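Accompanying notes for the structure given below.
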Number of protein chains: 2
Amino acid sequence: MKPTIYDVAERAGVSIATVSYVLNNQRVGKKSKEKVLQAMRELNYKPSVLASALTGKPTSTIGFLLPDLANPFVAEMARRVEDRAHERGYNLVICSTDFDPNKEALYTSLLKQKSVDGFILAGGFKSVEIIKELLEEQTPVALLAESHPSTSVNSVKVDDFTGGYEVTSYLLSLGHRRIAVLGEDATSTQDRIRGYKQALMENGIEVREEWIAISDFNRGNGERLVGEMLGASDRPTAVFACNDLLAIDAILAAREKKIPVPDDLSIIGFDNTLLSRACDPPLTTMEQPMQDMCSQVVDLLIEEIEGKSDLKKRIIMLPRLIIRQSTGPCPSDKG
Amino acid sequence: MKPTIYDVAERAGVSIATVSYVLNNQRVGKKSKEKVLQAMRELNYKPSVLASALTGKPTSTIGFLLPDLANPFVAEMARRVEDRAHERGYNLVICSTDFDPNKEALYTSLLKQKSVDGFILAGGFKSVEIIKELLEEQTPVALLAESHPSTSVNSVKVDDFTGGYEVTSYLLSLGHRRIAVLGEDATSTQDRIRGYKQALMENGIEVREEWIAISDFNRGNGERLVGEMLGASDRPTAVFACNDLLAIDAILAAREKKIPVPDDLSIIGFDNTLLSRACDPPLTTMEQPMQDMCSQVVDLLIEEIEGKSDLKKRIIMLPRLIIRQSTGPCPSDKG
DNA sequence: ATGAAAGCGCTAACAC
DNA sequence: GTGTTAGCGCTTTCAT
């Protein structure tokens with residue numbers, strides 16, 4: 001049987017209270033501390049997190065709800081969050097919610113039963129009610145790549161509006177005037193599109209709603225949407241995809257239609273994932289400072305969990321344009 | 001405060017035992033059962049997994065140790081495992097071990113303290129000692145995309161030897177005689193290389209050790225290794241990469257050296273991940289029946305956890321060749 | 001500085 | 001069929 005504090009206490013010739021004290025670095029005589037430590041080593045004793053959690057102590061476990069672990073961007077995020085959490089002595093329970101409010105409710109409830117200390121909710125978390133509920137019951141929460149303007153909750157994200165604005169400005173600077181957007185049904189997309197519209201407007205360019213496509217989360221859907229836009233006689237010369245995965249959809253659509261990228265069509269992504277280097281042509285994209293963002297949410301959450309700070313923060317980071325080979329001057333402008 | 005069985009019992013006018021019984025679907029009178037259920041609803045009662053686990057019941061949590069969540073292949077695997085686990089009512093605690101035995105030891109120990117019911121160890125798990133240790137203490141374990149011939153442990157994987165053999169046979173059938181391999185330091189690579197050598201030998205082709213490259217786990221390392229092989233005057237006409245990520249490294253190396261794929265160099269991958277469709281040219285690759293494999297390990301592990309079966313199984317699935325555009329006839333053979 | 005003992009929420013004999 | 005009660009392993013108050 002696994003050794004318990006009783007075994008350790010007995011072996012060290014002290015009471016279980018004393019053992020518990022050394023476990024928690026409380027006041028203990030140097031001598032008995034040494035004996036206890038010795039006994040622990042000899043028995044290869046590992047305290048039970050369960051038992052200690054039952055008495056009210058935290059479990060050092062964080063629930064991480066994300067849309068879909070199979071998405072490389074999300075997976076990379078998960079890895080960064082995991083790393084930081086481990087560094088801080090926490091474990092991660094990961095659940096993919098598929099943008100489904102039912103799953104969100106299910107998993108938050110489940111994880112609460114398992115006494116996670118807090119939640120990190122990653123971009124694309126749908127249910128504001130759940131967030132509010134967690135907040136009300138004082139469950140520590142932090143949002144990653146997402147924020148809720150009206151709610152007082154910790155969050156870390158990039159400035160999506162600026163991102164959209166800068167992407168569009170860059171395309172404009174290349175001479176493009178006919179710029180399409182491919183996004184998904186998420187708040188980040190909305191903000192990026194606002195930035196896109198702003199940039200167009202400032203340059204006196206009309207926004208064409210038929211060039212704003214929102215993909216659902218089925219793989220290949222973006223490819224179809226871009227295909228349709230490219231099929232029209234009057235087609236865009238540039239596509240701003242709201243993430244790298246969608247940008248690849250756009251590349252596939254262009255390839256299908258035999259439209260050379262970037263010569264006849266510029267494509268720009270968002271996220272700067274591994275994918276953006278691997279695809280052909282390598283993707284011009286907006287980089288999100290992933291590592292930083294992930295460390296920050298974890299730290300934010302842990303601060304709240306450990307009660308070191310009860311002020312909520314909203315951290316906004318700035319994205320950065322990475323120019324590769326999927327973008328070029330507007331065709332009609334060329335020599 | 002969160003309601004406990006005591007609250008429920010009081011409200012329903014029964015004893016806590018009765019409440020516990022309905023919780024566990026034991027013999028209870030229909031009447032009191034109804035009352036208890038009613039009380040639970042009214043109080044929005046959720047049982048504490050901690051407390052029940054402390055009495056020896058399982059936690060319905062599985063520890064999933066994998067090499068690196070940021071690797072898209074691994075992430076996809078994680079997602080499948082997650083799905084199946086959730087279907088069966090289990091949660092997943094995921095830890096990336098980076099092929100580092102120290103991390104492996106750390107996380108298994110940590111998760112044992114948190115009373116996970118069992119472990120799934122994914123391909124590339126280094127430490128045989130840890131596996132043996134888990135086995136000895138009767139901790140349920142299942143291996144995914146990995147197996148240990150000498151140990152009696154549940155495992156699910158593809159037949160790597162056959163995979164390597166078939167990849168090589170296919171390349172041979174295209175006329176290639178100078179075939180390089182790019183692998184990583186994993187048992188799966190070793191088996192695939194055995195298959196590769198076997199196929200070469202059967203065709204009377206000499207194995208050239210300088211064409212067998214093993215990449216470490218630093219990104220871009222594979223690219224360098226292939227670059228070196230392609231730089232030699234006497235270079236291979238085909239590269240067998242032991243996973244899609246490495247195949248992309250090979251594509252990048254070829255692109256760098258301005259060697260057209262597949263015209264002057266055929267490249268073949270393994271895994272059939274999302275990447276293989278997205279890259280250019282789309283990758284010919286061996287498909288692992290990921291979804292099946294993942295469901296199976298989860299089921300295998302849960303069977304052991306729930307004590308429904310104490311026989312160990314080793315499940316071997318067969319990989320399947322997916323032909324896309326990264327492979328073609330050997331240059332010198334061409335019209 | 002250390003120990004005795006109550007209690008965290010639940011399970012499972014055992015008794016009725 | 002239902003209640004009583006003794007734990008599960010640990011924390012923590014209160015004495016000493």
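The basis for the numbers below is simple: all heavy atoms, side chains too, and nothing from hydrogens, waters or symmetry mates. Computed from a prediction, not measured in an experiment: that's the story for all the values here. Every chain is numbered from 1 and lettered A, B, ... according to where its sequence line falls, protein lines coming before strand lines.
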- Within residues 35-85 of chain A or reaching into it, pairs that qualify as ring pair (Phe, Tyr, Trp, His ring centres under 6.0 Å) - sequence neighbours excluded: none
- Note on the structure: Rounding to the nearest 10°, end axes of the helix from C:dA1-D:dT16 to C:dC16-D:dG1 built from five pairs each make an angle of 40°
- Task: Taking heavy atoms of chain A and a 4.0 Å limit, find me the 5'-most and 3'-most nucleotide of DNA chain C within that range.
- Result: C:dA1 to C:dG9
- Message: For a quick check of understanding: with a heavy-atom distance under 4.0 Å over all strands, which category does A:G29 fall into, base, sugar-phosphate or nothing?
- Response: sugar-phosphate
- Message: In this structure, how many angstroms lie between the P atom of D:dT2 and the NZ atom of B:K30, rounded?
- Response: 13 Å
- Rounded to whole Å, the NZ-C1' distance (A:K46 to D:dC10) equals 17 Å
Applying salt bridge (charged side-chain N to carboxylate O under 4.0 Å, His left out), can you list everything that pairs with [X], at least two apart in sequence or on another chain?
X     : result
B:K35 : none
B:R11 : B:E42
A:D7  : none

Would you be so kind as to tabulate the donor-acceptor pairs closer than 3.5 Å made by side chains of residues 51-58 of chain A, with sequence neighbours excluded?
residue : atom : partner : partner atom : Å
A:S52   : OG   : A:V49   : O            : 3.4
A:T55   : OG1  : A:S52   : O            : 2.7
A:K57   : NZ   : A:N24   : OD1          : 2.4

- Does B:D299 come within less than 4.0 Å of B:R84, counting only side-chain N to carboxylate O? yes
Name all residues meeting the side chain to side chain contact (heavy atoms under 4.5 Å, CB included) criterion together with [X]; count only those two or more places apart in sequence or in a different chain, and write none if there are none.
X      : answer
A:L37  : A:V22, A:K33, A:E34, A:M40, A:R41
B:E82  : A:L69, A:C95, A:S96, B:R79, B:H86, B:L92
A:S155 : A:L143, A:S147, A:R314

- Contact pattern, 5' to 3', of nucleotides 11-16 of chain D - B, S or - by protein heavy atom under 4.0 Å: BBB---
- Find which nucleotide of DNA chain D each of B:L54 and B:K33 is nearest to by heavy atoms, and output the residue with the more 5' nucleotide. B:K33
Side-chain donor-acceptor distances from residues 131-138 of chain B under 3.5 Å, at least two apart:
residue : atom : partner : partner atom : Å
B:E137  : OE1  : B:K112  : NZ           : 3.3
B:E137  : OE2  : B:K112  : NZ           : 3.1
B:E137  : OE2  : B:T139  : OG1          : 3.1

